[in-house]
Amino acid sequence: GRLHATTGGHRFTAEWTYTSFRYSRPGDDPYSVLAPYHLVNLIAAVAIPSAPFSSELILRLDNILDTEYAVIRGFPMPGRMMRLTLRVAS
């Protein structure tokens, strides 16, 4: 799910994803079951007035609960991450 709010030049988003158990190989082999997991991400952005360009500074916090999970067996996904992005468009 996603919750989104905008006020003035600020934008805030909260994302929640649930992935149920699934099998890493064809069939119903109980040894190939990957555990279910929840992910929570937060995004904050602010518009930066800079004529003649349109700019936005974005802070994104992914997996804020530091959930340990794997999409493919044996390949764990990264833990908590932070990204800072400056987006400039003409």
Side-chain angles (χ1 to χ4, degrees):
R2 181 179 282 202
L3 181 62
H4 185 78
T6 302
T7 177
H10 299 83
R11 180 170 48 93
F12 303 97
T13 305
E15 301 172 333
W16 170 74
T17 304
Y18 173 73
T19 301
S20 181
F21 78 92
R22 62 249 179 260
Y23 296 97
S24 62
R25 293 183 291 211
D28 294 340
D29 179 3
Y31 297 105
S32 73
V33 173
L34 294 172
Y37 59 89
H38 298 266
L39 292 178
V40 177
N41 305 319
L42 298 176
I43 304 160
V46 61
I48 302 171
S50 56
F53 301 103
S54 168
S55 303
E56 186 178 42
L57 186 62
I58 305 162
L59 175 64
R60 183 176 177 104
L61 303 171
D62 290 329
N63 191 7
I64 63 168
L65 301 177
D66 204 22
T67 301
E68 293 182 13
Y69 69 104
V71 176
I72 300 172
R73 181 172 295 289
F75 295 91
M77 297 301 290
R80 186 178 300 118
M81 292 191 320
M82 181 177 70
R83 289 186 272 175
L84 185 61
T85 304
L86 176 61
R87 183 178 296 162
V88 180
S90 57

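We use all heavy atoms of the structure for the numbers below, so side chains are in, but hydrogens, waters and symmetry mates are not. What you are looking at is a predicted structure, and each value in this text was computed from that prediction instead of being measured.
The distance from atom CE of Met77 to atom CD1 of Ile72, rounded to the nearest 0.5 Å, is 8.5 Å. The structure places CG of Leu34 at 10.5 Å from OG1 of Thr19, a figure rounded to the nearest 0.5 Å. The line from CG of Leu61 to CG of Asn41 is 8.5 Å long, rounded to the nearest 0.5 Å.
Residues passing the side-chain contact (heavy atoms from CB on, under 4.5 Å) test with Ser20 are Tyr18, sequence neighbours excluded. Not counting sequence neighbours, the partners of Thr6 by the side-chain hydrogen bond (donor to acceptor under 3.5 Å, both in side chains) test are His4. Partners of Leu84 by side-chain contact (heavy atoms from CB on, under 4.5 Å), not counting sequence neighbours, listed by chain and number: Leu57, Leu59. Residues satisfying the side-chain hydrogen bond (donor to acceptor under 3.5 Å, both in side chains) criterion with Asp28, sequence neighbours excluded, are absent altogether. With sequence neighbours excluded, the residues satisfying side-chain hydrogen bond (donor to acceptor under 3.5 Å, both in side chains) with Ser55 are Ser50. In this structure, Asp66 has no salt bridge (Lys or Arg N to Asp or Glu O under 4.0 Å) partners at least two apart in sequence or on a different chain. For His38, the side-chain hydrogen bond (donor to acceptor under 3.5 Å, both in side chains) criterion is met by Trp16, not counting sequence neighbours. Shown here are the side-chain contact (heavy atoms from CB on, under 4.5 Å) partners of Glu68, two or more places apart in sequence or in another chain: there are none.
Apart from Ile58 itself, the hydrophobic cluster it occupies contains Ile43, where clustering links Ile, Leu, Val, Met, Phe, Trp and Tyr at side-chain heavy-atom distances under 4.5 Å. Apart from Phe12 itself, the hydrophobic cluster it occupies contains nothing, where clustering links Ile, Leu, Val, Met, Phe, Trp and Tyr at side-chain heavy-atom distances under 4.5 Å.
When all heavy atoms are compared, the tightest approach of Asn63 to Pro78 is ND2-O, 3.4 Å.
Under the 4.5 Å side-chain heavy-atom criterion for ILVMFWY residues, a single connected hydrophobic cluster contains both Val46 and Met82. Note on Met81: it does not cluster hydrophobically with Leu42, by side-chain heavy-atom contacts below 4.5 Å among ILVMFWY residues.
Among residue pairs with one or both ends in residues 72-90, those qualifying as salt bridge (charged side-chain N to carboxylate O under 4.0 Å, His left out) are Glu56-Arg87, Asp62-Arg83; sequence neighbours excluded. Legend: ring pair (Phe, Tyr, Trp, His ring centres under 6.0 Å) pairs involving residues 44-73, not counting sequence neighbours, sorted by first then second residue: Tyr37-Tyr69.
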